[in-house]
Amino acid sequence: MLDKDLQTGDDLPHSIAYTINGEPGDFCDCSKESTYRWMVDHGKTYLLRIVNAVVAADLFFAISQHNLTVVGMDGHYTKPLTTSYITISPGQTMDILVTTNQSLGHYYMAARQLWGQSIQISDFNQFTTTAILQYKGNYTNSSSPSFPNTLPLYKDIQAALKFTTRLRSLASEEHPVNVPLNITTRMFITLSMNDFICKNTTCIAKEGENILAASVNNISWANPNIDILLAYYRNISGVYTTDFPDHPPSYFNFTGEDLPTSMALTDIGTKVKVLNYNETVEVVFQDTNLMAGAGIHPMHMHGYSFYVVGTGIGNFDNETDPKGFNLVDPPEVNTFQVPKNGWLALRFVANNPGVWFWHCHLDRHMSWGMAAVFIVKNGGTAETSIRQPPAYLPLCKLPLRSWLQKSYGSEGKANGSSFI
């Protein structure tokens, strides 16, 4: 079903529910009796490790009448941030302290989707998943747990920004930050929804010649038939090209309304960006409103954590916005939201040699091509070079599958029916 939708350009399946520790909660008939219950003692402070394992949605989360204190994200300490709710992206992790200091009783823990696409759309998953924080002890409980009235509504993007812009690294003597200051490589990368023309490819458009795609700098990622790490390590040619652009093909009002549909046409490619060892890199991700498709994009990088030095709404201004960058205590993470119709600036040091995938962590966007690869070259020592594969490493018998590929010269068949 997924392969067919990708090949024909249909929208991918959407979720119909969310779960907390495997249960949708007692708002759903199927789990009224099995809703997850967290049994707690009064007067203690607990550490919650929260992971957003949803593949297609950012989530709001709150606990009724209890504050949350964020102390870590993606394996890095943060300055303690006390809040009544959090916003957490797919693949993102948070360490949160909860003090059980309320009256003995039952309290809902609840999460719902942050809808980051068109506010005119109402046909999306509006399910609220619940669990119950339950105090131990002898007491008479009310008929129903109290619900967190601080849990933002689905389309409250300002609530998401209010939370994410308050996050800071701990930046203490024991846990210092090392934000790159002298940048050697700067990249400006647009994130877009696109049209792709099916001519001479393996996709099949149901209507007309175009299907839905997504891109970074107008390149829609296509998986090769050979793993890029293997191709790079073994110096196998013809698998990828090293011409991923540092800038989009053109500059325009990225967040404008009614952008011409002709601007949304993209091409597929397996283009990578090669970085020298120890390069200092700044990347600015810019959301665009091509095809009226502006939305939140939780960008995730494999192999690295990065510092989020700035974020904002609108088009990034290279003259004024860098003046507001936080170079003192920016959060260090491996996943972070690019706001709808906005931008995100990050910095990192390329000191982990290898082949590293980076992508939007909304899986539908990644599947449509909002992804690319960094290749970081070896340093000058064995410790700063890619390790050799172990002798017992098994061969991968299953080829990588791409949502589409070009098929020039494929027995003279353009727009054929095979899916690769």
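The shortest distance between side-chain heavy atoms of W221 and K271 does not fall below 4.5 Å. Looking at heavy atoms from C-beta onward, F188 lies out of side-chain contact with W343 at the 4.5 angstrom threshold. The closest side-chain heavy-atom distance from F196 to L212 is not below 4.5 Å. Annotation: side chain of W368 is in contact with side chain of M193 (closest heavy-atom distance under 4.5 Å). Put simply, the side chain of V179 reaches to within 4.5 Å of the side chain of V309, judged on heavy atoms. In this structure the side chain of L170 never reaches within 4.5 angstrom of the side chain of T78, judged on heavy atoms. The side-chain heavy atoms of T266 and D195, taken from C-beta on, include no pair separated by under 4.5 Å. The closest side-chain heavy-atom distance from F244 to V216 is below 4.5 Å.
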TODO: Just do the side-chain contact (heavy atoms from CB on, under 4.5 Å) check on V355 and V373 with the steps written out, would you?
DONE: CA-CA 7 Å; V355 175; V373 162; 3.6 Å; yes
- [ ] Run the numbers on D58 and S89 for side chain to side chain donor-acceptor pair (under 3.5 Å), then give the verdict.
- [x] CA-CA 4 Å; D58 293 76; S89 294; 2.4 Å; yes
Open item on the list: If you apply the rule salt bridge (charged side-chain N to carboxylate O under 4.0 Å, His left out), what do you find for D246 with R186, and how did you get there?
Closed with: CA-CA 7 Å; D246 289 347; R186 282 186 164 85; over 6 Å; no
TODO: Begin from the C-alpha positions of L68 and I63 and carry the test side-chain contact (heavy atoms from CB on, under 4.5 Å) through to its verdict.
DONE: CA-CA 8 Å; L68 311 173; I63 302 177; 3.8 Å; yes
Open item on the list: As a quick check of understanding, evaluate side-chain contact (heavy atoms from CB on, under 4.5 Å) for V239 and N225, giving each step before the final call.
Closed with: CA-CA 8 Å; V239 178; N225 289 324; over 6 Å; no
Task: Working for side-chain contact (heavy atoms from CB on, under 4.5 Å), residues L259 and F252 - done: CA-CA 9 Å; L259 295 172; F252 53 94; 3.9 Å; yes
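In this structure a side-chain-to-backbone donor-acceptor pair under 3.5 Å is present from T100 to K44. In this structure, the side chain of Q286 engages the main chain of G342 through a donor-acceptor pair within 3.5 Å. Judged by distance alone, the side chain of T381 and the main-chain N or O of T384 form a donor-acceptor pair under 3.5 Å. In this structure a side-chain-to-backbone donor-acceptor pair under 3.5 Å is missing from H106 to S146. The closest donor-acceptor contact from the side chain of R166 to the backbone of T83 lies at 3.5 Å or more, if one exists at all. Within the 3.5 Å criterion, the main-chain N or O of H76 finds no donor-acceptor partner in the side chain of D95. Formation of a donor-acceptor pair under 3.5 Å by the H365 side chain with backbone atoms of D363 is not found in this model. Judged by distance alone, the side chain of T270 and the main-chain N or O of Y240 form no donor-acceptor pair under 3.5 Å. Put simply, the side chain of R347 never gets that close to the backbone of Y307: no donor and acceptor are under 3.5 Å apart. Remark: side-chain polar atoms of T129 are paired, donor with acceptor, to backbone N or O of P24 under 3.5 angstrom.
Between the OH atom of Y46 and the CG atom of L97 there is a distance of 13.0 Å, given to the nearest 0.5 Å. Taken from OG1 in T130 to CE in M109, the straight-line distance is 9.0 Å, to the nearest 0.5 Å. Remark: Q126 CD to I16 CD1 distance equals 14.5 Å, nearest 0.5 Å. Atom CG of N210 and atom SG of C198 lie 7.0 Å apart (nearest 0.5 Å). Here CD1 of I268 is found 10.0 Å from CD1 of I219. Values are rounded to the nearest 0.5 Å. Residue S84 holds its OG atom at 13.5 Å from NE2 of H66, rounded to the nearest 0.5 Å.
Ring pair F163/Y85 is tilted by interplanar angle, where 30° to 60° counts as tilted. Between Y108 and F147, the ring-plane angle classifies as perpendicular under the 30° and 60° cut-offs. Ring planes of H361 and H300: tilted class, angle from 30 to 60°.
With no hydrogens or angles considered, a side-chain donor-acceptor pair links T69 and T82 at under 3.5 Å. In this structure, a donor-acceptor pair under 3.5 Å is present between the side chains of Y18 and Q113. Side-chain contact, N194 with S215: a donor N or O sits under 3.5 Å from an acceptor N or O. Remark: the E282 side chain and the T185 side chain contain no N/O donor-acceptor pair separated by less than 3.5 Å. Between D321 and N318, the side chains place no donor N or O within less than 3.5 Å of an acceptor N or O (distance only, hydrogens not considered). A donor-acceptor pair shorter than 3.5 Å can be found between the side chains of T45 and T99.
Between W358 and F285, a ring centre-to-centre spacing shorter than 6.0 Å is recorded. For H302 and Y304, the gap between ring centers reaches or exceeds 6.0 Å.
More than 12 heavy atoms of other residues, nucleotides or ligands sit less than 6.0 Å from atom OH of Y135. No more than 12 heavy-atom neighbours from other residues, nucleotides or ligands sit within 6.0 angstrom of CG on D258. The local environment of NZ in K377 is sparse, with at most 12 non-hydrogen atoms from other residues, nucleotides or ligands closer than 6.0 Å.
Using a 4.0 Å cut-off between a side-chain N of Lys or Arg and a carboxylate O of Asp or Glu, D243 and K273 do not qualify as a salt bridge. K340 and D287 are not joined by a salt bridge, as no carboxylate oxygen comes within less than 4.0 angstrom of a charged side-chain nitrogen.
Both cation-pi conditions hold for R112 and Y154: the charged atom is under 6.0 angstrom from the six-membered ring centre and inside a 45 degree cone around its axis.
Looking at every heavy atom in both residues, A62 comes nearest to L151 through N-CD1, 3.8 Å. Closest of all the heavy-atom pairs between M73 and V333 is CE-CG1, 3.9 Å. Taking all atoms of both residues into account, the shortest heavy-atom contact from P249 to N217 is CD-O, 3.8 Å. Nearest heavy atoms, N352 versus G303: ND2-O, 2.9 Å. The two atoms that bring N182 and T280 nearest to each other are O-OG1, 2.5 Å, heavy atoms only. When all heavy atoms of A111 and F61 are compared, the pair lying nearest together is CB-CD1, 4.2 Å.
Across I88, L153, T87, a single residue satisfies side chain to side chain contact (heavy atoms under 4.5 Å, CB included) together with L114, and that is T87. Of the residues listed (V40, L48, L47), the one engaging V98 in a side chain to side chain contact (heavy atoms under 4.5 Å, CB included) is L48, and it is the only one. Considering N334, N52, D74 as possible partners of T93, the one that fulfils the side-chain hydrogen bond (donor to acceptor under 3.5 Å, both in side chains) test is D74. Tested against F254, the residues N315, L290, L191 include a single side chain to side chain contact (heavy atoms under 4.5 Å, CB included) partner, N315.
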